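Since the structure is predicted, the reported quantities are computational estimates derived from the model, not experimental observations. Each ligand, and each atom within it, is numbered from 1 in the order the structure gives. In this chain, numbering begins with 1 at the start of the sequence shown.
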Amino acid sequence: MDHFNYRNGVLHAEDVPLSLIAEAVGTPVYIYSRATLERHAQVFRDALRGIERKHIAFAIKANPNLAVLKVLARQGYGADVVSGGEVKRALAAGMPAHDIVFSGVGKTHAELKAALEDGVGQFNIELEEEGAVLGQIAASMGKRADAVLRVNPDVDAGTHAKISTGKKENKFGVPIDEAPGIFARLSALPGLNLRGLALHIGSQIFDLAPIEAGYRKVGELVTQLRAAGHAIDRVDLGGGLGVPYERDKVPPTPADYGAMVERATKGWDVTLYFEPGRVIVGNAGVLLTRVIWVKPGAVRPFIIVDAAMNDLARPAMYDAWHDFEAVAPTGERMIANIAGPVCESGDTFAMARDIDVVKSGDLAVFRTAGAYGATMASTYNSRALVPEVMVDGDKFAVVADRILPETILAAEHVPAFLQD
Ligand SMILES: *Cc1c(COP(=O)(O)O)cnc(C)c1O
């Protein structure tokens, strides 16, 4: 459930008509609903109420906007981060350092050191050498880094290839059959406090079975490690729950997921860590856009909108579906292609889509754009960096500025050897 609904024929975010935001801020613009973010944070936490010891770390990469993080920090969420920049964002949002989980397959030495200085609460180690380096850096600082070893359970999440992370050919984690040896060697290092395991098998997952299979493999490994004398008190179960981009394709609910987790982790006697991203923010955002032209096409018209693949990359990158709706629909329908202005045929949001009739100048939204939307934006084609707005009841505020092409141009320099 979200808070983007039609009232008097006009799409609103909570109590604010989207036309008002378009007038004030221009388009394209991302719009987030605070009430929806809070609701999703609560629903996910409620789904895990049967789990006694737990920590929920929002996967910041899904939506790193500072105001969004602030809302989730107030809900008691920590952060799952994948770069030094994300550590800084989590701290800036007021998330305590010990609530931050540092994931990511390519943490640099400098990032590890800075995160140790900041007091980050957990490092998810992706390969043996990383664990050794982390241990060395921590020891040299007189610290012990709290860490877990990420294993690759070799299960197929059944999702898009570009967001599948738990098959053995993916770059993430250590092969699960090598984990006992790596765990034993790393746990002997004085700079490391190796406390358990982590896994994350993919994103936009619609079938709980592969996740459960992964969890069960990790459960067996916990038993095996304990039998070898290791103390295990944490397991990080990752994220990956899907959201309904299409109305008639419904993913498992957080409650379904919570029930599965209780079943699969029964008797583990650890603190469970969760790293939800998309499921918290996906439906809490829309991308508001204006139709520039309705261009006649060979087969059907192209609706050319002022948002493009540089603003919302998911369709071009993952063949993703986003519902497209007029802000003030007339009730009439048309079949059309929807595309942006960027000079790439891949800058197409939908082909042969049944949509509200729109004409030049009309406003429309791409729904379910709160996750992996603005955060993936670029300035390709010398377009502005897309701004973000948050709505709270009848109030709204710009929470990320539109960064204009001239600002980006001002950061470029013509070297002396070209100035003649
Ligand atoms: C991306 C990612 C997540 C979040 O995935 P969602 O599908 O957005 O829930 C969680 N953990 C790790 C390690 C990730 O890389």
Legend entry - E52 CD: over 12 foreign heavy atoms closer than 6.0 Å: no

Legend entry - Shortest protein contact, atom 8 (O) of ligand 1 (heavy atom only): Y372 OH, 2.5 Å

Inset, instruction - Report yes or no: is the cationic atom of K61 (NZ for Lys, CZ for Arg) under 6.0 Å from the centre of the six-membered ring of Y372, at an angle within 45° of the ring normal? - result: no

Legend entry - Contact check, F172 vs ligand 1, heavy-atom distance below 4.0 Å: no

Legend entry - Spatial distance of atom CD (Q122) from atom NE2 (H55) [nearest 0.5 Å]: 8.0 Å

Legend entry - Sub-6.0 Å ring centroid separation between F349 and F366: yes

Legend entry - Heavy-atom gap V279 to ligand 1 smaller than 4.0 Å: no

Legend entry - Closest non-hydrogen atom pair between V279 and H40, with its separation: O-ND1, 3.6 Å

Inset, instruction - Give the residue, atom name and distance (to 0.1 Å) of the protein heavy atom nearest atom 7 (O) of ligand 1. - result: S203 OG, 2.3 Å

Legend entry - Per-residue contact class, D80 against ligand 1 - non-hydrogen pairs under 4.0 Å: side chain

Inset, instruction - Under the ring-ring contact (aromatic ring centres under 6.0 Å, His included) rule, what do H200 and F172 come out as? Steps first, then yes or no, please. - result: CA-CA 9 Å; H200 169 74; F172 299 100; 7.8 Å; no

Inset, instruction - Among all protein heavy atoms, pick the one closest to atom 12 (C) of ligand 1 and tell me residue, atom and distance. - result: E275 OE1, 3.4 Å

Inset, instruction - Tell me, yes or no, whether the heavy-atom count around N8 atom CG, taken from other residues, nucleotides or ligands under 6.0 Å, exceeds 12. - result: no

Legend entry - R353 to W321, cation-pi by 6.0 Å centre distance and 45° axis angle: yes

Inset, instruction - Distance to 0.1 Å, residue and atom name: give those for the protein heavy atom nearest to atom 14 (C) of ligand 1. - result: K61 NZ, 2.8 Å

Legend entry - Protein heavy-atom partner closest to atom 4 (C) of ligand 1 - residue, atom, separation in Å: A59 CB, 3.4 Å

Inset, instruction - Output the list of atoms in ligand 1 that are nearer than 4.0 Å to some heavy atom of G239, sorted by atom number. - result: 9 (O), 10 (C)

Legend entry - Polar atom proximity, G277 to ligand 1 (N or O, under 3.5 Å): yes

Inset, instruction - State whether the shortest distance between N or O atoms of G240 and N or O atoms of ligand 1 falls below 3.5 angstrom. - result: yes

Legend entry - Enumerated ligand 1 atoms positioned under 4.0 Å from heavy atoms of R278: 6 (P), 8 (O), 9 (O)

